[in-house]
Amino acid sequence: MDTLMHLLQFTDSTFPVGTFSFSNGLETAAYEGVVRDARTLEEYTRAVALQAAFSDGVAALLSHRHALAGDYDGIVRTDSFLMLFKMNDEARMMLQRMGKKLAELAVRLFPENRLISRWLADIESGATPGSYPVAQGVVFALAGLGEEQLYASHQYGVINMVLSAALRCVRVSHYDTQMSLFRLSAEVPELYERARTMTLDDMNAFVPEMDIMASLHEKGNMRMFMN
């Protein structure tokens with residue numbers, strides 16, 4: 001039961017890593033009319049989830065395995081590789097800011113663990129970017145949580161981040177967002193089956209419209225969120 005409680009804690013939207021500050025460019029998509037109702041919001045959220053599934057999600061799984069094996073170099077290598085997939089500054093800032101917050105919390109949750117303390121020290125010194133998915137992989141491994149639980153938590157966080165932000169900038173209701181969350185969550189097992197066999201070289205994140213929205217947001221007027 002303790003692992004279930006840890007899973008609920010790490011997946012909760014109030015988990016203090018700053019997810020509420022970000023929207024994956026949703027406010028720009030809403031401002032430009034790309035997202036304008038429940039249907040287009042679900043399409044946009046699915047695109048965000050798909051982009052994360054085979055990049056951030058794969059990095060989380062690989063870092064989880066490296067942490068279990070005590071392969072610190074593998075964790076750092078995965079972390080650096082993941083950042084190459086981020087084409088805009090705000091995406092990199094989002095992953096690094098949230099990753100550092102999680103690392104700072106993790107050293108308090110696991111005060112005797114040298115791997116996580118080394119990880120935080122390397123983030124603070126700039127030796128590694130400290131991305132959030134990689135931090136998630138490490139923390140879930142230390143907490144005794146499995147790969148499927150990690151992947152589900154990661155994808156849930158990505159989906160819920162967009163849908164929660166939508167309540168503040170799109171004409172949708174809580175009913176709309178919860179129905180979308182229910183449907184999109186049902187797609188995660190299939191994504192996991194594909195992601196779990198991927199290596200660093202297999203990672204991909206080609207959703208160009210998302211990157212266009214992000215680039216517009218960096219200099220745009222619609223800025224309710226940090227990205």
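Sequential numbering from 1 along the given sequence is applied to the chain's residues.
For the pair T40 (side chain) and V35 (backbone), a donor-acceptor distance under 3.5 Å is absent. A donor-acceptor pair under 3.5 Å links the side-chain atoms of H64 to the main chain of L145, judged by distance alone. T177 places a side-chain N or O within 3.5 Å of a backbone atom of H174 that can act as its donor or acceptor partner. Remark: side-chain polar atoms of S164 are not paired, donor with acceptor, to backbone N or O of M161 under 3.5 angstrom. Between the side chain of T11 and the backbone N or O of L7 there is at least one donor-acceptor pair closer than 3.5 Å. The main-chain N or O of S131 is found under 3.5 Å from a side-chain atom of D79 such that the two form a donor-acceptor pair.
Comment: E43 engages R39 in a salt bridge, judged by a side-chain N to carboxylate O separation of less than 4.0 angstrom. Using a 4.0 Å cut-off between a side-chain N of Lys or Arg and a carboxylate O of Asp or Glu, R168 and E27 do not qualify as a salt bridge. The existence of a salt bridge linking D202 and R194 is excluded, since no basic side-chain nitrogen approaches an acidic carboxylate oxygen closer than 4.0 Å. Looking at R46 and E42, a side-chain N of the basic residue comes within less than 4.0 Å of a carboxylate O on the acidic one, giving a salt bridge. Taking a cutoff of 4.0 Å between a charged side-chain nitrogen and a carboxylate oxygen, R65 and E147 qualify as a salt bridge.
For R196 and Y151, the positive end is not near the middle of the six-membered ring at less than 6.0 Å and at most 45° from its axis.
Taking all atoms of both residues into account, the shortest heavy-atom contact from H154 to P133 is NE2-CG, 4.3 Å. When all heavy atoms of K86 and S55 are compared, the pair lying nearest together is NZ-OG, 4.3 Å.
By the side chain to side chain contact (heavy atoms under 4.5 Å, CB included) test, V58 is found to be paired with L62, A195, M198, M203, residues two or more places apart in sequence or in another chain being considered. Residues satisfying the side-chain hydrogen bond (donor to acceptor under 3.5 Å, both in side chains) test with E148, not counting sequence neighbours, are none.
With hydrophobic clusters built from ILVMFWY side chains whose heavy atoms lie under 4.5 angstrom apart, L167 shares a cluster with L181. Hydrophobic clustering (side-chain heavy atoms under 4.5 Å, transitive across Ile, Leu, Val, Met, Phe, Trp, Tyr) keeps M179 apart from Y156. Residue L68 is not grouped with residue L102 when hydrophobic side chains (ILVMFWY) are merged at heavy-atom distances under 4.5 angstrom, including chains of intermediate members.
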Check: Passes side chain to side chain donor-acceptor pair (under 3.5 Å), D122 versus T128? Steps please.
Finding: CA-CA 6 Å; D122 282 347; T128 193; over 6 Å; no
Note to self: Is there a side-chain contact (heavy atoms from CB on, under 4.5 Å) between L191 and F54? Walk through the geometry before answering.
What the structure shows: CA-CA 8 Å; L191 298 177; F54 305 128; 3.7 Å; yes
Checklist line | Worked check of side-chain contact (heavy atoms from CB on, under 4.5 Å) between V48 and I159 | finding: CA-CA 7 Å; V48 174; I159 293 168; over 6 Å; no
Check: Would L41 and V162 count as a side-chain contact (heavy atoms from CB on, under 4.5 Å) if you check the C-alpha gap in whole Å, the side-chain angles of each, and the deciding distance to 0.1 Å?
Finding: CA-CA 9 Å; L41 171 63; V162 179; 4.3 Å; yes
Check: Given R92 and M83, is the side-chain contact (heavy atoms from CB on, under 4.5 Å) satisfied, shown in steps?
Finding: CA-CA 7 Å; R92 290 188 288 271; M83 297 305 289; 3.6 Å; yes
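A distance of 14.5 Å separates NZ of K101 from CD of Q96, quoted to the nearest 0.5 Å. Put simply, CD on Q155 and OH on Y192 are 12.5 Å apart, with the number rounded to the nearest 0.5 Å.
Other residues, nucleotides and ligands place no more than 12 heavy atoms under 6.0 Å from the CD atom of E190.
Using cut-offs of 30° and 60° on the angle between ring planes, the pair F10 and F140 is tilted.
If you check the side chains of T14 and D12, you find a donor sitting under 3.5 Å from an acceptor.
In this structure, D176 and D37 have side chains that are not in contact, with every pair of non-hydrogen atoms separated by 4.5 Å or more. A 4.5 Å side-chain heavy-atom check between L105 and F15 finds at least one atom pair inside the cut-off.
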